[in-house]
2 protein chains.
Amino acid sequence: MEISHTEENYLKAIFKISERDGKPASTNAISSEMSTSAASVTDMIKRLSDKTLIHYERYRGVTLTGQGAQIATHLIRKHRLWEVFLVDKLHFSWDEVHEIAEQLEHIKSQGLVERLDEYLGFPKFDPHGDPIPDADGNFAIRKQVLLSELKHSERGLVVGVQDHSTAFLQYLDRMALVLGTPVEVLEYFEYDESMRVLISGEREQVLSKKVCQNLFIQKR
Amino acid sequence: MEISHTEENYLKAIFKISERDGKPASTNAISSEMSTSAASVTDMIKRLSDKTLIHYERYRGVTLTGQGAQIATHLIRKHRLWEVFLVDKLHFSWDEVHEIAEQLEHIKSQGLVERLDEYLGFPKFDPHGDPIPDADGNFAIRKQVLLSELKHSERGLVVGVQDHSTAFLQYLDRMALVLGTPVEVLEYFEYDESMRVLISGEREQVLSKKVCQNLFIQKR
DNA sequence: AATCATTTTTAGATTAGCTTAAAAATTTAT
DNA sequence: ATAAATTTTTAAGCTAATCTAAAAATGATT
Ligand SMILES: [Mn+2]
Ligand SMILES: [Mn+2]
Ligand SMILES: [Mn+2]
Ligand SMILES: [Mn+2]
């Protein structure tokens, strides 16, 4: 069965929404995620439903079938592997790769993804710290917390971002808060929920509430 | 101005036909190259003409404008660079890469092609020996002849193929006639226009007329 | 329970790209 | 030069994907 570029994007959107909200994806949630009209979503829902890629009850939201979920995770696998390629091999910075990977994820080929995976050394996480599902669709799980959840004197490594915006990624570059950087909480300010942290054991920096709520840390 | 995946493919087809035939591309030639109906071609010609990507006089054929030619050569550049990537880095064989490159050539990004070019070491020819145009659209010219044009005792190196079919490429692999292989004509048989050739200075082999007419040789 | 607000679906239209069949223009052959 | 053959265009219609506006269903409020 042929599956279009557009259908793939809808499946990925439904996957992400269900995962984020822990419940079926509503028509409006999908239309918002895809930046299309709700009417277009209703239309596409019918098509995906006919292809048994989603379960759908009118007015009650959408969930992926096994086949639909398989396509969605495979798409995410390709997206993240291409992001690794662009950063590790072509030396793009982590804020430049999402758009390109958005196109590359739709390339269809039997062996390409697996060869790419091998060429990259079977990475488990992408340049933003997001897990790369394996060929069976299983995601590596890593216990991580937001920096904002750390208490005084706790330490850890920067392992990911919640906010993927260019603005945030460039801010982190400026602060040298790249993935793998050690951080330690030196002081917490109740007033504005900001924190003074020690970065790489050498530089102190005050980070705003917003920053702390968007940085994933692995405690150690 | 937005230019679609399909429009790009038409421009590339027109470029190839004009180059091959040395005259404007006819509606039928395009429909044959694109495997679509002549009516579809007439339709698309109008659209490309409105966008000033082609010159078009009814019943008289199509030529590319400067802008159209620029898009076509850029597409060919991307296609051939991706083929080099797939063969050199991901270890695909030369008969497996065309279809994938057919998709990859449509990826849009400011810096991607140039970074890829650099990563690959600025190759001048693709895995089939076809020249890779530079960023300005200039193709390297190499004086090459068909093996069938060589006379007795003349030698050269295999530098390219005219027929890109999987069947031919796999045949060449079997005969160890990969790019760069030295060949010398030992004997010519008028009867069926076949040739006995010395391959890599060590193995003799009779090659059919069809094979000889599809192998590009650089004399030496 | 009835009203109001929100969400979702339906209706009607548009665009790109494609098809087949018929008509028109051009080229080739007699 | 006229007829026949070929090429190209036009006409009409289809599907995927989109939109806006209106109708219908659901959920929340009084
Ligand atoms: Mn991304
Ligand atoms: Mn996508
Ligand atoms: Mn990512
Ligand atoms: Mn090639």
Side-chain angles (χ1 to χ4, degrees), chain A residues 1-14 17-18 20-64 68 71-72 75 102-103 105-106 108, chain B residues 1-14 17-18 20-64 68 71-72 75 102-103 105-106 108:
Chain A
M1 191 205 323
E2 282 305 291
I3 179 143
S4 76
H5 184 120
T6 311
E7 288 170 331
E8 286 186 338
N9 282 336
Y10 272 94
L11 292 173
K12 198 174 65 158
I14 293 162
I17 293 163
S18 309
R20 164 164 56 79
D21 301 348
K23 59 179 182 188
S26 70
T27 300
N28 266 358
I30 298 168
S31 85
S32 161
E33 175 75 23
M34 299 281 301
S35 304
T36 52
S37 68
S40 298
V41 174
T42 301
D43 221 57
M44 179 58 84
I45 282 173
K46 281 176 200 149
R47 251 171 281 146
L48 294 175
S49 205
D50 288 347
K51 294 189 174 183
T52 67
L53 298 171
I54 59 173
H55 284 302
Y56 147 77
E57 279 183 82
R58 38 206 244 297
Y59 290 93
R60 317 220 58 176
V62 172
T63 55
L64 296 175
I71 293 169
L75 210 63
E102 207 58 45
Q103 301 173 62
E105 71 187 5
H106 298 287
K108 282 172 179 73
Chain B
M1 194 204 322
E2 281 305 293
I3 178 140
S4 76
H5 185 117
T6 311
E7 288 169 331
E8 286 186 338
N9 283 336
Y10 272 93
L11 292 174
K12 197 174 63 158
I14 293 162
I17 293 163
S18 310
R20 162 166 56 79
D21 302 347
K23 60 180 180 186
S26 70
T27 300
N28 266 358
I30 299 169
S31 85
S32 162
E33 175 76 22
M34 298 283 300
S35 305
T36 53
S37 68
S40 298
V41 174
T42 301
D43 219 55
M44 179 57 85
I45 283 173
K46 281 176 199 150
R47 251 172 282 145
L48 294 175
S49 205
D50 287 347
K51 292 189 174 185
T52 68
L53 297 171
I54 59 174
H55 284 303
Y56 147 75
E57 278 182 85
R58 36 204 246 298
Y59 290 93
R60 320 220 58 178
V62 172
T63 54
L64 296 175
I71 292 168
L75 211 61
E102 207 59 41
Q103 301 172 61
E105 70 188 7
H106 298 288
K108 283 174 179 72

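Below, chain A is the first sequence line, B the second, and so on; all start at residue 1.
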(message) If you define the side chain from C-beta out and look only at heavy atoms, does anything of B/Tyr56 sit under 4.5 Å from B/Thr63?
(response) no
(message) So, using side-chain contact (heavy atoms from CB on, under 4.5 Å) as the criterion, who are the partners of B/Gln103 when residues are at least two apart?
(response) A/Ile107, A/Lys108
(message) Once side-chain hydrogen bond (donor to acceptor under 3.5 Å, both in side chains) is applied, what residue pairs with a partner in residues 23-37 of chain B remain, sequence neighbours excluded?
(response) B/Ser37-B/Ser40
(request) Could you tell me whether the phosphate oxygens of C/dC18, OP1 or OP2, come under 4.0 Å of any side-chain nitrogen or oxygen in B/Ser37? (result) no
(request) List the protein contact pattern of nucleotides 2-16 of chain C with one symbol per nucleotide (5' to 3'): B for base contact, S for sugar-phosphate-only contact, - for none; contact means a heavy-atom distance under 4.0 Å. (result) -----SBBB-----S
Enumerate donor-acceptor pairs with a distance under 3.5 Å from any side-chain N or O in residues 43-55 of chain B to protein atoms, sequence neighbours excluded.
from    : atom 1 : to      : atom 2 : distance (Å)
B/Asp43 : OD2    : B/Arg47 : NH2    : 3.0
B/Lys51 : NZ     : B/Glu2  : O      : 2.8
B/Lys51 : NZ     : B/Glu7  : OE1    : 3.0
B/Lys51 : NZ     : B/Glu7  : OE2    : 3.0

(message) Measuring only between side-chain heavy atoms, which start at C-beta, is A/Leu75 closer than 4.5 Å to A/Leu11?
(response) no
(message) Nearest whole Å is fine: how far is D/dA16 P from A/Lys51 NZ?
(response) 8 Å
(request) Using whole Å, report how far CG of A/Asp50 lies from P of D/dA17. (result) 12 Å
(request) Give the rounded distance in Å between these two atoms: OH of A/Tyr10 and C1' of D/dT18. (result) 8 Å
(request) Count the heavy atoms of every other residue, nucleotide or ligand shown that sit under 6.0 Å from CZ of B/Arg20, and state whether that count exceeds 12. (result) yes
